[in-house]
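First up is the structure itself, then whatever we jot down about it.
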Amino acid sequence: MEFIVYEQKGEYAIITISREKALNALNSAVLEELDKVLDQVDLGTVRCLIVTGAGQKSFVAGADIGEMSNLSKAEGEAFGKKGNDVFRRLENFPIPVIAAVNGFALGGGCELSMSCDIRICSDNAVFGQPEVGLGITPGFGGTQRLARLVGAGMAKQMIYTARNIKADEAYRIGLVNAVYPQEELLPAAEKMAAGIAKNAPIAVRNCKRAINEGLDVDMEEALIIEEKLFGNCFETEDQRYGMAFFLDKNKEKVKEPFKNK
Ligand code: DAK
């Protein structure tokens with residue numbers, strides 16, 4: 001792959017978008033490779049993903065403006081679909097995805113981070129949806145996901161004004177969970193990924209589904225989704241083992257890794 005680096009580190013893996021000379025902007029090739037790399041994730045062993053950008057300046061500075069500038073309506077729609085499909089795939093990917101936002105996350109970059117389950121960022125990170133300044137609307141889910149994450153009022157302000165916000169403001173409005181010095185960002189993401197990977201994988205996956213699917217429906221239906229996914233954990237080896245370990249009074253015993261079974 002030309003623009004994506006994939007590295008598996010035990011039970012978690014890191015996807016790095018690597019097109020540094022264009023601040024990791026998303027052209028069609030990057031979007032296609034992002035889609036392909038998700039096919040390569042070994043879901044038998046990988047329990048959490050991290051998505052980050054190459055270099056210390058940018059996570060993703062948006063969709064590639066050069067590539068978009070001359071698109072016809074039909075080509076624009078096809079480009080938008082390519083991005084939307086891969087972002088949706090990431091959002092619904094069976095395992096948790098952490099965005100380690102290491103700099104600019106503008107337009108499609110902010111939208112990519114919002115397709116991930118969790119966002120943490122470096123102290124030089126900048127978030128924004130500058131699309132209206134370019135004559136378009138946010139097209140990779142920005143109008144929908146930003147409003148759900150930070151509330152309609154703040155999302156509308158960010159989108160209508162096209163004003164960028166820095167890491168501290170992103171933290172204050174709840175767009176990111178934590179801010180780190182640049183050099184501590186990836187280690188913090190890896191520590192979080194390893195912590196997630198230690199927990200029972202079937203339960204973690206079911207939590208992701210319950211939260212995502214529940215947010216799309218009313219509370220009655222959401223609780224039914226939760227009940228089904230709760231029930232689905234039972235009779236798994238990990239549920240049997242996790243509960244038996246708790247009930248075992250032998251405090252000398254060391255907890256074994258969950259088996260994803
Ligand atoms: N696209 C292409 N190239 C980009 C780029 C981008 N988004 N962002 C930066 N680059 C390139 C620059 O052109 C420059 O290339 P060279 O001139 O060196 O060849 C190189 O990266 C370094 O950038 P700068 O020289 O500009 O670096 P600075 O530090 O001065 O500024 C910056 C950094 C991030 C503030 C600035 O580069 C910037 O404002 N970039 C554009 C940010 C932006 O507006 N992003 C939003 C793009 S719009 C759709 C779905 C989705 C979308 C659209 C449609 N449909 C459903 C159809 C999404 C739209 C967007 O994301």
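Just follow the structure's listing: the first ligand is 1, and inside any ligand the first atom is 1.
- Summary of contacts: the protein heavy atom closest to atom 31 (O) of ligand 1 is Leu23 CD1, 4.5 Å.
- Near Lys57, meaning under 4.0 Å from any of its heavy atoms, are these atoms of ligand 1: 27 (O), 28 (P), 29 (O).
- Contacts with ligand 1 closer than 4.0 Å are made by side-chain heavy atoms of Leu134 only, the backbone lying farther away.
- Here the heavy atom of the protein found nearest to atom 41 (C) of ligand 1 is Ile65 CD1, 3.9 Å.
- The pair Arg240-Glu237 does not meet the salt-bridge criterion, since no charged nitrogen lies less than 4.0 angstrom from a carboxylate oxygen.
- When Gly80, Gly83, Ser58 are checked for heavy-atom proximity to atom 56 (C) of ligand 1, Gly80 turns out nearest.
- Ion pairing between a basic and an acidic side chain is recognised when a charged N comes within 4.0 Å of a carboxylate O; Glu111 and Arg145 show no such pairing.
- Gln129 does not count as a contact of ligand 1, since none of its heavy atoms falls under 4.0 Å from the ligand.
- Contact annotation: Glu77 has no heavy atom less than 4.0 Å from any atom of ligand 1.
- Which parts of ligand 1 touch Gly139 is read off a 4.0 Å heavy-atom cut-off, strictly below it: atoms 49 (C), 50 (C), 51 (C), 56 (C).
- The pair Glu169-Arg172 meets the salt-bridge criterion, with a side-chain N (NZ, NE, NH1 or NH2) lying under 4.0 Å from an Asp/Glu carboxylate O.
- The atoms of ligand 1 that sit less than 4.0 Å from any heavy atom of Met68 are 48 (S), 53 (C), 54 (C), 59 (C).
- Looking only at protein heavy atoms, the nearest one to atom 57 (C) of ligand 1 is Gly76 O, 3.1 Å.
- Distance from atom 58 (C) of ligand 1 to its nearest protein heavy atom, with residue and atom name: Ala63 CB, 3.5 Å.
- The distance from ligand 1 to the heavy atoms of Asp64 drops below 4.0 Å at these ligand atoms: 1 (N), 2 (C).
- Among protein heavy atoms, the minimum distance from atom 11 (C) of ligand 1 is reached at Ala22 CA, 3.8 Å.
- For ligand 1, the atoms closer than 4.0 angstrom to any heavy atom of Leu106 are 34 (C), 42 (C), 45 (N).
- In this structure, Glu67 has no heavy atom closer than 4.0 Å to ligand 1.
- Of all protein heavy atoms, the one lying nearest to atom 14 (C) of ligand 1 is Lys21 O, 4.3 Å.
- Residue contacts with ligand 1, taken as heavy atom pairs separated by less than 4.0 Å, do not involve Val126 at all.
- Here the shortest heavy-atom pairing between Ser113 and Val101 reads CB-CG2, 3.9 Å.
- The N/O atoms of Gly62, backbone and side chain alike, include none that comes under 3.5 Å of an N/O atom in ligand 1.
- With a 4.0 Å heavy-atom cut-off, ligand 1 is reached by the side chain of Ala25 but not by its N, CA, C or O.
- At a heavy-atom distance under 4.0 Å, only side-chain atoms of Pro130, from C-beta outward, approach ligand 1.
- If you check each of Phe104, Phe79, Phe140 against atom 51 (C) of ligand 1, the one with the closest non-hydrogen atom is Phe140.
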